[in-house]
Amino acid sequence: MSDIVDVLVVDDERINLKLVEAILRGQNLNLMMASSGAEALKMLPEHDFAVALLDVMMPGMDGFELAERLRSAENGRNVPIIFITAISKEQRHVFRGYELGAVDYLFKPVEPEILRGKTKIFAELHRHKRSLVDTTRRLEATVEELQRSQEALARSEQRYRMGADYNYDWESWVGPDGELRYISPSCERISGYGPQRFLDDPDLMQRIIHREDVGRWMQFMRDETVGDEDCLDFRISDVNAKVKWLSLVRHSIVSDEGLPLGVRVSMRDITNRKLIESQLQHSVFHDALTGLPNRTLFLERLNRAAERCARTGEYFVVLFIDMDRFQAVNDHYGHSMGDNLVVRLGVKLQQAVRSIDTVARLGGDEFGVLLEDIPRKGDARVLIREIFESFKEPVEVDGLTFALSASVGYDIGSGVDVDPEKVVHNAQVAMNVAKRQGKNRVACYEKRMREGMVNVLAVENELNRALEAREFTAYYQPIVNLADGSLYGFEALARWNHPERGLVGPGEFIPIAEETGQVVRLGSQILEEACTAMQEWSFRHPEAEGLTIAVNISAKQFAESSLASDVERILKQTGLRPGRLKLEITETVVMLDALKSVNQLKSLKDLGILLSIDDFGTGYSSMSYLQKFPTDQLKIDLSFVQRMESTPENIEIVRAIVNMAHSLRLRVVAEGIETESQRDLLYSLQCDYGQGYLYSRPLPKGEAEEFVKDSD
């Protein structure tokens, strides 16, 4: 059987396909390259893929749709899927891939060693799977052959001997009286004992069977209800005391006249198959990198520990450990070094606990520890302190020494009405408290630690009340023309005018509004207020007639099918000319579903309004999609603007964005301008418009109107 396995690679960019091909070359892989989902699906019937490496953002059929199509196809139902993408790392995006059956995410640019390592794992699993399938087929073929020959074997013991002597399996014939009449030469290859030893010593077979399996073997041999399709897997010790696994099937033999001639027993050596099954079983409950128990096994052991404590009255402890500043290791030394460090930390933890305790890897640089058989709570604190102190010793990996600290949270349980998931979460909540308190410390879980979660619910209720009372208002930040400093327009920013707390910034309520969906209603109120204000200024000040008003559209608003009709309604209601309204949508939002975004943007553009891609440079837009989006402007993220003076590379990034935008006939707005040197540098790069504290902070409606009057 060939060791070469098929691997599906799908990416609409040829250079990415070439890059993956170069990384995986020379690993006994048959790389099937596809530049689209449709092309990949055509390959499916002809190949048995070990793993599929899918890009997410592709025209026509994106990676998520392709994953669904693979899962619905017979040949692709069980193919492991790894997304190789530059898509946002936000949990909701990653969760979507996992819901579709993805086993992993790799984010561009891909570390070659990680890609090779993960692909190798699935390739090896696929080879083992093919080997198991091949073994099963051969076993089935052998059983079918034995069944076909049953009548011929029953007619003549001699003919049975002639066939069985050359059978690869261990064949035996036990007469109706229980006497061993025949045993094939294969018994020596499997057990190390020759046929004559078994014939001379009828009890030898029972003595070499593993003591835990003897009872099952005797019951199986005596059970008259056992059919031809039943089998028994059991262990023996060969002549060298090596444990082997055998699979036994038995068939009753009768003569042509219907008289019983005894039982034919066939045994096959399945030691290798059991080893592979054990390895696969191990992988289900253990972390592939460290070999430590994973979350599933950790929760299972925690549940058993709780049951024991309920009987004995003792305590157990769950620790949730997160390494401080571990991301800096990955960023500076690469993920391979980070993986090696995680392995070393796992070993370090195992050395710090007792043999009865469990250390598990719960994710990235997060570990769980289960301490059992704790007579008193005070004893637990001593053990926890020893584990925490163990991190003070530097860790050496590949000649480098790392001085890391850890934030530790823990919860103590007694085994009464225990929810394992909740206990682990309690420990995680305590760990997060330890992080917020300055890291490198230990925190014990207390119920009050969940008050932050309750506060979120309280804010949600407050938001509902505030929306009904229309307490949200717009503040306006000027946008100017960098060429002459003239006023170009304003950006409307949401603020909460709380009746008791005063003005509340967006950082406190926007994330919760996004999470709960209330941001749709909030965004509509701000849009209506901003359009109304701009129209009022135009009536009172002729110089305001040419100004634009920019309003941010959230992800949930953009996903609403009614967005275009809502905007049209507000324009008609306020009387604002469509060409004076600019909607700003972040780059990440429009690229979540690029094809759907094109249709939504076209619907908005048909209203005659302006469209802008916000926070440009922080996402993953490609030139091909930008050309399809009916947009008018790009807004450069303030992180690039504020680092221009200190990091020359950011100047080149801004220059590239401006040049690309102008080549697509788009205007460019830079946000976050705070100094004159930033303004001058942006102007020299031919940026069109700018906003920031250099010109003005966000202003309430009245002050913004004064700004309009003074700008004349």
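The structure presented is a predicted model; accordingly, all values stated were derived computationally and were not measured.
No side-chain donor-acceptor contact under 3.5 Å links Ser696 to the backbone of Gly692. A distance-only check finds a donor-acceptor pair linking the side chain of Gln557 to the backbone of Ser554 [under 3.5 Å]. At distances below 3.5 Å, at least one donor-acceptor pair connects side-chain atoms of Lys605 with backbone N or O atoms of Ile609. The backbone N or O of Gly546 lies less than 3.5 Å from no partner atom in the side chain of Arg580, so there is not a single donor-acceptor pair. Ser562 contributes no side-chain N or O that, together with a main-chain N or O of Ser565, makes up a donor-acceptor pair within less than 3.5 Å. At least one donor-acceptor pair closer than 3.5 Å links the side chain of Asp688 to the backbone N or O of Val668. Remark: the backbone N or O of Glu65 is paired with a side-chain donor or acceptor of Asp62 at under 3.5 angstrom. Without hydrogens or angle criteria, Ser597 side chain to Val590 main chain gives a donor-acceptor distance under 3.5 Å.
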- Would you check, one step at a time, whether the test side chain to side chain contact (heavy atoms under 4.5 Å, CB included) holds for Leu601 with Ile585? CA-CA 10 Å; Leu601 291 171; Ile585 306 100; 4.1 Å; yes
- Query: Could you go step by step and tell me if Glu560 and Lys556 meet the salt bridge (charged side-chain N to carboxylate O under 4.0 Å, His left out) rule?
  - Reply: CA-CA 7 Å; Glu560 291 286 319; Lys556 281 190 164 40; over 6 Å; no
- Message: Assess the residue pair Leu610 and Thr548 against the criterion (side chain to side chain contact (heavy atoms under 4.5 Å, CB included)); give the C-alpha distance rounded to whole Å, side-chain angles, the decisive distance to 0.1 Å, and a yes or no.
- Response: CA-CA 9 Å; Leu610 301 174; Thr548 61; 4.2 Å; yes
- Query: Please walk me through it: do Leu482 and Leu682 pass side chain to side chain contact (heavy atoms under 4.5 Å, CB included)?
  - Reply: CA-CA 8 Å; Leu482 293 182; Leu682 286 165; 4.0 Å; yes
- Apply side chain to side chain contact (heavy atoms under 4.5 Å, CB included) to the pair Gln525 and Glu471, showing each step before the final yes or no. CA-CA 10 Å; Gln525 287 187 8; Glu471 292 175 2; over 6 Å; no
- Message: Under the criterion salt bridge (charged side-chain N to carboxylate O under 4.0 Å, His left out), I'd like the reasoning laid out for Arg679 against Glu674: C-alpha separation, chi angles, the key distance, then a yes or no.
- Response: CA-CA 8 Å; Arg679 176 199 62 195; Glu674 298 180 353; over 6 Å; no
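Judged as a ring pair (Phe, Tyr, Trp, His ring centres under 6.0 Å), the pairs with a partner in residues 527-564 (not counting sequence neighbours) are, in order, Tyr476-Trp537, Phe490-Trp537. Under the ring pair (Phe, Tyr, Trp, His ring centres under 6.0 Å) criterion, the residue pairs touching residues 646-697 are Tyr488-Tyr689, with sequence neighbours excluded.
Taking CG of Leu66 as the start and CD1 of Ile81 as the end, the distance is 7.0 Å to the nearest 0.5 Å. To the nearest 0.5 Å, atom CZ of residue Phe326 and atom CD of residue Glu366 are 11.0 Å apart. Atom CG of residue Leu638 and atom CD1 of residue Ile673 lie 10.5 Å apart, to the nearest 0.5 angstrom. Note that the CG atom of Leu576 and the OG atom of Ser538 stand 7.0 Å from one another [nearest 0.5 Å]. Put simply, CD on Glu528 and CD on Gln573 are 4.5 Å apart, with the number rounded to the nearest 0.5 Å. Taken to the nearest 0.5 Å, the CG atom of Leu53 stands 8.5 Å off from the CE atom of Met33.
For Arg441, the CZ atom counts as densely surrounded, since its 6.0 Å shell holds more than 12 non-hydrogen atoms of other residues, nucleotides or ligands. Taking a 6.0 Å sphere around CZ of Arg540, one finds it holds more than 12 heavy atoms contributed by other residues, nucleotides or ligands. Counting heavy-atom neighbours within 6.0 Å of Arg521 CZ, excluding the residue itself, gives a total above 12. Counting non-hydrogen atoms of neighbouring residues, nucleotides and ligands closer than 6.0 angstrom, the CD atom of Gln686 reaches no more than 12 such neighbours.
When side chains are defined from C-beta on, Asn464 counts as touching Gln518, because their heavy atoms get closer than 4.5 Å. Residues Pro59 and Asp12 form a side-chain contact, since some pair of their non-hydrogen atoms from C-beta on lies under 4.5 Å apart. Between Leu404 and Asp324, the closest side-chain pair of non-hydrogen atoms is not below 4.5 Å. In this structure, Val567 and Leu563 have side chains that are in contact, with non-hydrogen atoms separated by less than 4.5 Å. Put simply, the side chain of Glu491 reaches to within 4.5 Å of the side chain of Lys635, judged on heavy atoms. A 4.5 Å side-chain heavy-atom check between Ile549 and Leu581 finds at least one atom pair inside the cut-off. Side-chain atoms of Val551 and Glu584, non-hydrogen and from C-beta on, never get closer than 4.5 Å to each other. Ile570 has its side chain within reach of Ser524: a pair of non-hydrogen atoms, C-beta onward, lies under 4.5 Å apart.
In this model, no donor atom of one side chain and acceptor atom of the other lie less than 3.5 Å apart for Gln691 and Glu671. There is no side-chain donor-acceptor pair under 3.5 Å between Asp322 and Gln428.
Lys709 and Glu543 are not joined by a salt bridge, as no carboxylate oxygen comes within less than 4.0 angstrom of a charged side-chain nitrogen. A salt bridge does not link Arg470 with Glu529: every distance from a Lys NZ or Arg NE/NH1/NH2 to an Asp or Glu carboxylate oxygen is 4.0 Å or more. Look at Glu39 and Lys42 and you find no salt bridge, because none of the NZ, NE, NH1 or NH2 atoms lies under 4.0 Å from a carboxylate O. For Arg465 and Glu462, the salt-bridge test passes: some basic side-chain N is under 4.0 Å from an acidic carboxylate O. A salt bridge between Lys582 and Asp632 is absent, with no side-chain N of the basic residue lying under 4.0 Å from a carboxylate O of the acidic one. A salt bridge is absent between Lys701 and Glu706: the closest approach of a Lys/Arg side-chain nitrogen to an acidic carboxylate oxygen does not fall below 4.0 angstrom.
Evaluated for a side chain to side chain contact (heavy atoms under 4.5 Å, CB included) with Leu17, the options Val10, Asp11, Asp55 yield exactly one hit, Asp11.
Using the six-membered ring where Trp is involved, Phe107 and Tyr105 have ring planes that are parallel, under 30° apart on the 30 and 60° scheme.
Looking at every heavy atom in both residues, Gly672 comes nearest to Val641 through O-CG1, 4.0 Å. Leu634 approaches Leu666 most closely through the heavy-atom pair CG-CD1, 3.9 Å. Smallest separation of non-hydrogen atoms from Lys435 and Ser407: CD-OG, 3.5 Å. In this structure, Asn552 and Ala492 approach most closely via the heavy-atom pair ND2-O, 3.9 Å. When all heavy atoms of Ile479 and Leu487 are compared, the closest pair comes out as O-CD1, 3.6 Å. When all heavy atoms are compared, the tightest approach of Ala564 to Leu604 is CA-CD2, 3.7 Å.
Ring-centre distance between Phe83 and Phe64: below the 6.0 Å cut-off.
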